[in-house]
Amino acid sequence: MTEGTTSAAAEGADTLTRLEQEGEIAADYLEGLLDIADLDGDIDMDVEADRASVSIISDTGGRDLQKLVGRDGEVLEALQELTRLAVHRETGDRSRLMLDIAGYRAKKRSELSELGAKAAAEAKSSGEPVKLKPMTPFERKVVHDAVKAAGLRSESEGEEPQRFVVVLPN
């Protein structure tokens, strides 16, 4: 191995260690939250796409965990921000941690990927830009990725909370 390769490998290992530490801090924070709320759930940690990923899952179907998701994932978004703040408090670094509860975000990602692919197909066939409804940053990112995978470009327009994706034809 050359010096550059060794340094890149060490940097990758450092990043992985840092992301695993973020996951552990987040898991501890969320376990405390579950205890306070008297909710049952298991915590699963992973590293995906250069960010820590933490999921709260339930063996009992997750009906109680739906309270932590809220309407349209609003409570989940708030809990993700609180968890990121808890990680920041411990590490001093900004966290890009992703939180999923009862599979809500995984299901939403699948639906949004399908929406992005359909919008790309519509833009290709019509030759016109396709504007989608306002979305959260997470939702827009998933749609942008799906549009890119379909071979087209997309842009975000508007101001939060009314920011939306526009799929552009070739």
Side-chain angles (χ1 to χ4, degrees), residues 8-119 132-149 154 156 158-165:
E11 188 176 302
D14 288 347
T15 299
L16 182 61
T17 301
R18 182 180 51 77
L19 293 174
E20 287 172 343
Q21 178 190 17
E22 280 186 23
E24 289 174 16
I25 293 167
D28 289 345
Y29 175 79
L30 292 165
E31 281 178 7
L33 179 79
L34 290 172
D35 286 346
I36 290 168
D38 196 28
L39 295 172
D40 290 327
D42 295 322
I43 303 212
D44 184 33
M45 296 179 297
D46 200 2
V47 174
E48 299 173 1
D50 292 333
R51 64 172 54 182
S53 174
V54 178
S55 300
I56 301 175
I57 52 179
S58 174
D59 295 336
T60 60
R63 200 165 220 20
D64 282 347
L65 292 181
Q66 291 305 316
K67 296 172 188 172
L68 297 179
V69 172
R71 189 183 80 226
D72 296 328
E74 289 174 338
V75 176
L76 170 60
E77 290 291 332
L79 287 173
Q80 177 173 277
E81 285 307 309
L82 288 171
T83 305
R84 286 177 174 176
L85 286 171
V87 170
H88 177 72
R89 186 185 66 226
E90 291 288 322
T91 65
D93 295 326
R94 183 177 173 272
S95 174
R96 294 177 51 233
L97 175 125
M98 287 296 287
L99 175 63
D100 192 6
I101 299 175
Y104 174 83
R105 207 177 284 276
K107 180 181 176 212
K108 188 80 171 170
R109 183 180 313 240
S110 174
E111 293 168 356
L112 290 166
S113 292
E114 190 175 313
L115 174 67
K118 284 180 182 177
L132 301 176
K133 67 179 180 55
M135 298 178 190
T136 67
F138 161 76
E139 293 169 335
R140 290 193 309 269
K141 170 79 169 100
V142 173
V143 171
H144 285 306
D145 290 347
V147 170
K148 185 177 180 181
S154 58
S156 291
E159 298 293 323
E160 295 291 353
Q162 296 301 313
R163 203 154 164 77
F164 59 94
V165 174

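One is the number of the first residue; the rest follow in order along the sequence.
- For the pair His144/Ser156, a side-chain contact is recorded, criterion being any heavy-atom separation below 4.5 Å from C-beta on.
- Salt bridge status for Arg105 with Glu77: present, with a side-chain N to carboxylate O gap under 4.0 Å.
- For the atom pair CZ (Arg96) and CD (Gln80), the distance works out to 11.0 Å, reported to the nearest 0.5 Å.
- Listed by first then second residue, pairs satisfying salt bridge (Lys or Arg N to Asp or Glu O under 4.0 Å) with a partner in residues 13-27 read Arg18-Glu22, not counting sequence neighbours.
- Using a 4.5 Å heavy-atom threshold, the side chains of Tyr104 and Leu65 count as separate.
- Sparse packing is recorded around CD of Glu159, with 12 or fewer heavy atoms of other residues, nucleotides or ligands lying under 6.0 Å away.
- Residues Thr83 and Ala26 come closest through the heavy atom pair CG2-CB, 3.4 Å.
- Note that CD1 of Ile101 is 9.0 Å distant from OG of Ser55, once rounded to the nearest 0.5 Å.
- Closest heavy-atom contact between Gly23 and Ala52: N-CB, 4.1 Å.
- Of all heavy-atom pairs spanning Gly116 and Val147, the tightest one is O-CG2, 3.7 Å.
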Next on the checklist: Apply side chain to side chain contact (heavy atoms under 4.5 Å, CB included) to residues Leu82 and Tyr29 and explain how you reach the verdict.
Outcome noted: CA-CA 9 Å; Leu82 288 171; Tyr29 175 79; 3.6 Å; yes
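- Here Leu34 contributes atom CG and Ile56 contributes atom CD1; the two are 4.5 Å apart, rounded to the nearest 0.5 Å.
- Distance check, rounded to the nearest 0.5 Å: CD of Glu139 to CG of Leu115 gives 9.5 Å.
- For the atom pair Lys107 NZ and Leu112 CG, the distance stands at 11.5 Å (nearest 0.5 Å).
- The shortest non-hydrogen separation linking Ala146 to Ala117 is CB-N, 4.1 Å.
- Applying the side chain to side chain donor-acceptor pair (under 3.5 Å) definition to pairs two or more places apart or across chains, none involves residues 31-52.
- Between the side chain of Thr91 and the backbone N or O of Asp93, at least one donor-acceptor pair lies under 3.5 Å.
- In this structure the side chain of Arg84 reaches within 4.5 angstrom of the side chain of Met98, judged on heavy atoms.
- Between Met135 atom CE and Lys141 atom NZ the span is 14.0 Å, to the nearest 0.5 Å.
- Here the side chains of Lys108 and Thr136 are not in contact, with every heavy-atom distance at 4.5 Å or above.
- Shown here for Gln66 and Ala102, the closest heavy-atom pair between the two residues is NE2-CB, 3.6 Å.
- Residues Leu30 and Leu99 are in side-chain contact: their nearest non-hydrogen atoms beyond the backbone lie under 4.5 Å apart.
- For Phe164 against Leu132, the heavy-atom pair with the smallest separation is CB-O, 3.2 Å.
- In this structure, Val47 and Thr15 have side chains that are not in contact, with every pair of non-hydrogen atoms separated by 4.5 Å or more.
- In this structure, the side chain of Arg140 does not engage the main chain of Val165 through any donor-acceptor pair within 3.5 Å.
- Of the N and O atoms on the side chains of Ser95 and His88, not one donor lies less than 3.5 Å from an acceptor on the other residue.
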